[in-house]
J.: 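To start, I am sharing the structure in question, which I have written as structure tokens.
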2 protein chains.
Amino acid sequence: MTDTPRRGGPAAALRIRLVDVAREAGLSKTTVSAALNGTGRMSDAVRERAREAARRLGYRPNATARLLRAGHARLIGYVVGEFANEPGSYMSSPYFAQLTSATATAALRHGYALVLLPARCGPEEWADLPLDAAIVADPLDDDPLVEDFVAAGIPLFTDRSVEGRPGTHWVDVDADAAVREVLDHLREQGARRPAVVLPGTVTRFHRAVTDSYRRWCGGHGTPPRLVHTGGPGDGAVVAAVEDLLAGPGTGPDALFVLAEASPPLVLDAVHRAGLRVPEDLLLVCASEDASAAHTHPPVTTLSLRPALIAEKGIELLMAALESGSREPTGAVVPTRLELRASSLAARGPGGPAARGRAAGGDRAGRA
Amino acid sequence: MTDTPRRGGPAAALRIRLVDVAREAGLSKTTVSAALNGTGRMSDAVRERAREAARRLGYRPNATARLLRAGHARLIGYVVGEFANEPGSYMSSPYFAQLTSATATAALRHGYALVLLPARCGPEEWADLPLDAAIVADPLDDDPLVEDFVAAGIPLFTDRSVEGRPGTHWVDVDADAAVREVLDHLREQGARRPAVVLPGTVTRFHRAVTDSYRRWCGGHGTPPRLVHTGGPGDGAVVAAVEDLLAGPGTGPDALFVLAEASPPLVLDAVHRAGLRVPEDLLLVCASEDASAAHTHPPVTTLSLRPALIAEKGIELLMAALESGSREPTGAVVPTRLELRASSLAARGPGGPAARGRAAGGDRAGRA
DNA sequence: TATTGATGCGGGAACGTTCCCGCACAAGCC
DNA sequence: GGCTTGTGCGGGAACGTTCCCGCATCAATA
């Protein structure tokens with residue numbers, strides 16, 4: 001029996017290894033390993049002896065060594081393409097907060113853990129990490145983030161539709177259908193001059209939304225009223241809304257705020273403009289913020305379904321990981337319109353929205 | 001030369017190894033390794049030959065194997081003790097969102113990546129992960145989460161003060177000072193009947209706050225007006241505020257909402273109770289929500305400094321990790337009162353707060 | 001010409017685990 | 001008693017990397 005000596009100096013941080021347990025129990029490392037893992041063939045006495053020795057020495061298996069044997073780490077990198085703000089700020093957005101936590105939960109349910117990577121980080125940041133896959137949230141068009149992972153041969157999931165590169169998977173919302181649903185809803189509630197507030201950034205999603213809006217306007221003989229915010233954040237959106245409503249001439253009779261903002265603040269801005277909601281202006285916000293349900297009146301929101309996207313995306317990723325296929329896949333999920341009082345016509349009979357039918361929705365208590 | 005054969009079946013997913021590159025370049029794996037890592041002694045020609053071969057074959061080093069050699073994974077587990085809600089929901093709280101992202105950013109700056117663990121998860125969830133340390137956000141008293149990590153010998157950081165177990169580190173806010181600062185500020189602005197809204201959950205922090213509040217009231221001859229919310233979430237806090245203000249008799253003339261809630265919603269609730277802010281009621285919310293700056297009037301907030309806590313905590317953790325010391329450490333950081341119009345007396349001369357000085361801007365220093 | 005020192009590269013052990021084997025022994029069967 | 005079959009355990013290779021060495025070769029010096 002060779003005397004596997006304690007490596008390192010005399011004061012080396014002694015981490016108990018399998019061989020240490022084996023020597024303590026008077027067994028071989030093979031037997032101890034099998035004993036602790038509940039595999040192999042051995043008498044109950046020996047198994048218990050091994051376990052007892054491990055307990056006595058406080059043995060904890062080295063995770064890295066196991067991973068090396070296993071060949072995978074069950075680790076998924078998570079990085080967001082984000083507006084080039086200070087790193088990590090994306091968590092302040094309810095959409096990203098939900099996407100992140102839902103992704104983590106879904107991945108963990110499949111036995112994978114999420115590794116939080118810095119926003120817009122390059123390969124040098126994750127090259128040393130044993131990643132089985134990666135998730136890129138909200139990438140730009142032809143994002144280098146995506147390229148890097150593809151080049152590294154790491155399977156990838158993103159919440160924006162990408163061209164089918166090998167190993168890439170995506171889930172996206174049906175932007176066109178969402179815009180039409182909202183505009184149809186507003187029109188049905190009597191609105192004839194709906195305006196849309198969009199973020200200033202140019203992404204695939206926002207282009208799709210803009211196109212869809214213009215198409216809808218064309219089809220309904222309505223002049224488009226499109227406003228872009230000066231930047232990200234509540235302040236910019238509120239300012240854009242104030243500008244829009246303060247303008248001269250006949251203002252819009254409905255507002256669809258597609259730029260992410262706190263619904264209470266948007267509602268407040270409308271109120272300060274002297275307009276009642278929904279009497280003078282119907283309001284719909286694209287937002288995941290739960291506070292929309294607690295305003296007066298509650299604000300109708302369009303949910304972009306980050307949780308559903310995460311769920312579906314992890315599903316695609318797991319399927320690819322298990323089959324080993326690098327065939328690209330993708331899926332479209334529907335948005336969800338949470339009808340609340342802010343977009344349900346409360347006008348008296350004779351008003352343009354007199355026929356507004358009862359809201360079939362969720363918390364739809366009409367005003 | 002032994003012919004290291006391709007393991008696995010004929011269709012094995014062939015991952016290029018160091019030996020493959022070595023064979024391609026006609027060198028030894030030692031030389032190739034040194035060449036790619038920029039270490040060792042060799043001619044420039046050989047180094048370039050190795051790099052070229054690696055590039056040609058698309059070689060990517062196996063991260064797990066490197067970690068095994070290195071002995072550490074530079075991975076930190078992140079788990080939150082959370083109200084026992086659906087897992088992952090903690091991201092919807094601005095405090096946790098900021099704590100999480102600030103922790104991730106600070107850790108990454110030191111070369112460590114954060115692994116998102118499910119809320120309240122046990123050792124079996126992270127036993128297979130090569131964690132160098134762990135972070136427990138918002139643990140309960142004697143939380144099993146903490147015990148598990150301590151038992152596993154994994155260094156730990158938490159944002160609540162814990163007794164000095166070996167390998168544990170904490171950073172906490174000075175709750176007592178914070179409460180006194182807010183109450184002193186409100187009193188200085190003329191408030192004589194400040195009320196406090198607290199969450200229903202019993203944690204060390206909230207006990208400290210309650211004690212501090214009662215002490216302050218005792219010292220100022222003010223009867224304590226303490227309200228607990230029925231549960232977590234905006235709805236419960238708003239309901240508590242409504243109840244408090246709708247009560248008979250002389251209501252409070254200042255409100256300190258310590259339960260986390262959306263400031264716009266709280267302000268709205270006060271307005272709906274028929275009270276003007278700050279004329280009839282001074283308002284301070286403990287919140288990290290940026291929307292507080294955009295309401296009308298803007299709401300004074302008490303920041304519990306999640307970003308600072310994360311920063312300081314990672315610092316402690318890194319110091320312990322580098323020195324290898326298991327000596328417990330801890331630190332207290334100050335809260336920050338962001339003075340805004342909602343708590344700055346705007347009463348005319350002769351009012352009880354006539355001496356209230358002009359608000360000194362957004363993040364004004366203390367009054 | 002011998003001795004040193006530097007240079008250029010490779011052999012092989014380690015990191016700590018899992019798992020394929022093989023060996024010894026006992027029991028059952030003809 | 002020889003043969004198989006089964007049980008209980010251990011030896012040693014493998015996972016893919018890094019790094020400590022040692023062995024050549026060659027220039028410079030005594």
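The structure displayed is predicted, hence computed values, not measured ones. Below, chains carry the letters A, B, ... as their sequence lines are ordered, and counting in each starts from 1.
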J.: Using 4.0 Å as the upper bound for N to carboxylate O, is an ion pair formed by B:R160 and B:D138?
T.: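 Counted as a salt bridge, because a side-chain N and a carboxylate O are separated by less than 4.0 Å.
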J.: To the nearest 10°, give me the bend of the helix from C:dT1-D:dA30 to C:dC30-D:dG1, comparing the axes of its five terminal pairs at either end.
T.: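 Roughly 70° between the end axes, to the nearest 10°.
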J.: Starting from C1' on D:dT17, measure out to CG on B:D20 and report it in whole angstrom.
T.: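 It works out to 13 Å between those atoms.
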J.: Take the protein atom NE2 of B:H72 and the nucleotide atom C1' of D:dT18, then report the distance between them rounded to whole Å.
T.: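 The answer, rounded to whole Å, is 13 Å.
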J.: Output the rounded distance in Å from CZ (A:R15) to C1' (C:dC15).
T.: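 So the two atoms are 12 Å apart, to the nearest Å.
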J.: Side chains of residues 30-43 of chain A: which donor-acceptor pairs under 3.5 Å do they make with residues two or more places apart or in other chains?
T.:
residue : atom : partner : partner atom : Å
A:T31   : OG1  : A:S28   : OG           : 3.0
A:N37   : OD1  : A:R66   : NH2          : 3.4
A:N37   : ND2  : A:S33   : O            : 3.2
A:S43   : OG   : A:V46   : N            : 3.3

J.: Taking the side chain of B:K29 as its heavy atoms from C-beta onward, which of C:dG10, D:dT17, D:dG10 lies nearest to it?
T.: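 Nucleotide nearest to B:K29's side chain: D:dT17.
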J.: In Å and rounded to the nearest 0.5 Å, what is the CG to CG distance from A:L99 to A:L308?
T.: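 A:L99 atom CG to A:L308 atom CG measures 11.0 Å (nearest 0.5 Å).
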J.: By nearest atom, which of the nucleotides C:dT17, C:dC9, C:dA14 is closest to the B:M42 side chain?
T.: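 Of the options given, the side chain of B:M42 lies nearest C:dC9.
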J.: To the closest 0.5 Å, what do you measure between CG (B:L316) and CG (B:L156)?
T.: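 Going from CG on B:L316 over to CG on B:L156, the span is 12.0 Å.
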J.: Near DNA chain C, which residues from residues 44-67 of chain A have a heavy atom under 4.0 Å away?
T.: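 Within this stretch, A:Y59, A:P61, A:N62, A:A65, A:R66 sit under 4.0 Å of the strand.
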J.: One thing to verify: whether B:E48 and B:R55 come together as a salt bridge, which I'm taking to mean a side-chain N less than 4.0 angstrom from a carboxylate O.
T.: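 A salt bridge links B:R55 with B:E48.
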J.: Given the structure, check if the side chain of B:R17 and the base of D:dG16 hold any donor-acceptor pair shorter than 3.5 Å.
T.: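 Such a pair does not exist between side chain and base.
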J.: Quickly work out the B:I16 CD1 to D:dC15 P distance and round it to whole Å.
T.: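 These atoms are roughly 14 Å apart.
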J.: Rounded to the nearest Å, what distance is computed from the CG atom of residue A:L68 to the P atom of nucleotide C:dC19?
T.: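 Between P of C:dC19 and CG of A:L68: 13 Å.
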J.: So, is B:S33 close to the D:dC19 phosphate, meaning a side-chain N or O under 4.0 Å from OP1 or OP2?
T.: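 So the side-chain polar atoms of B:S33 never come under 4.0 Å of the phosphate oxygens OP1 or OP2 of D:dC19.
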J.: Please report the interatomic distance CG(B:L75) to CH2(B:W126), rounded to the nearest 0.5 Å.
T.: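 The CG atom of B:L75 sits 13.5 Å away from the CH2 atom of B:W126.
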J.: Does D:dG10 have its OP1 or OP2 closer than 4.0 Å to a side-chain nitrogen or oxygen of A:S28?
T.: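 For D:dG10, OP1 or OP2 has a side-chain N or O of A:S28 closer than 4.0 Å.
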J.: Could you work out which one of D:dG10, C:dC15, C:dT7 sits closest to the side chain of B:R69?
T.: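 So the nucleotide nearest the side chain must be C:dC15.
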J.: I want to check one thing: is the phosphate of C:dG10, taken as OP1 and OP2, less than 4.0 Å away from some side-chain N or O of B:T31?
T.: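 Yes, within the criterion.
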J.: Taking all atoms of both residues into account, what is the closest heavy-atom pair of B:T103 and B:I135, and its distance?
T.: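 Scanning both residues, the minimum pair turns out to be CG2-CD1, 3.1 Å.
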J.: Mind checking if A:T30 touches a base, just sugar-phosphate, or nothing, with heavy atoms under 4.0 Å?
T.: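 Base: the residue A:T30, judged by heavy atoms under 4.0 Å, touches a nucleobase.
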J.: Answer yes when B:D20 and B:R17 have at least one side-chain N-carboxylate O distance shorter than 4.0 Å, and no when they do not.
T.: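 Salt bridge between B:D20 and B:R17, a charged N being under 4.0 Å from a carboxylate O: yes.
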J.: To the nearest Å, how far apart are A:R41 CZ and C:dT18 C1'?
T.: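 Rounded to whole Å, this separation is 16 Å.
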J.: Let me know the distance between CG of A:D128 and P of D:dT17, rounded to the nearest Å.
T.: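 After rounding, the reported distance stands at 12 Å.
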J.: Check for a donor-acceptor pair, side chain of B:R15 on one end and backbone N or O of B:R60 on the other, with a separation under 3.5 Å.
T.: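 Pair found, side chain donor or acceptor close to backbone of B:R60.
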J.: Just how far is it from atom OG1 of B:T168 to atom CD of B:E147, taken to the nearest 0.5 Å?
T.: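 B:T168 OG1 to B:E147 CD: 10.0 Å, rounded to 0.5 Å.
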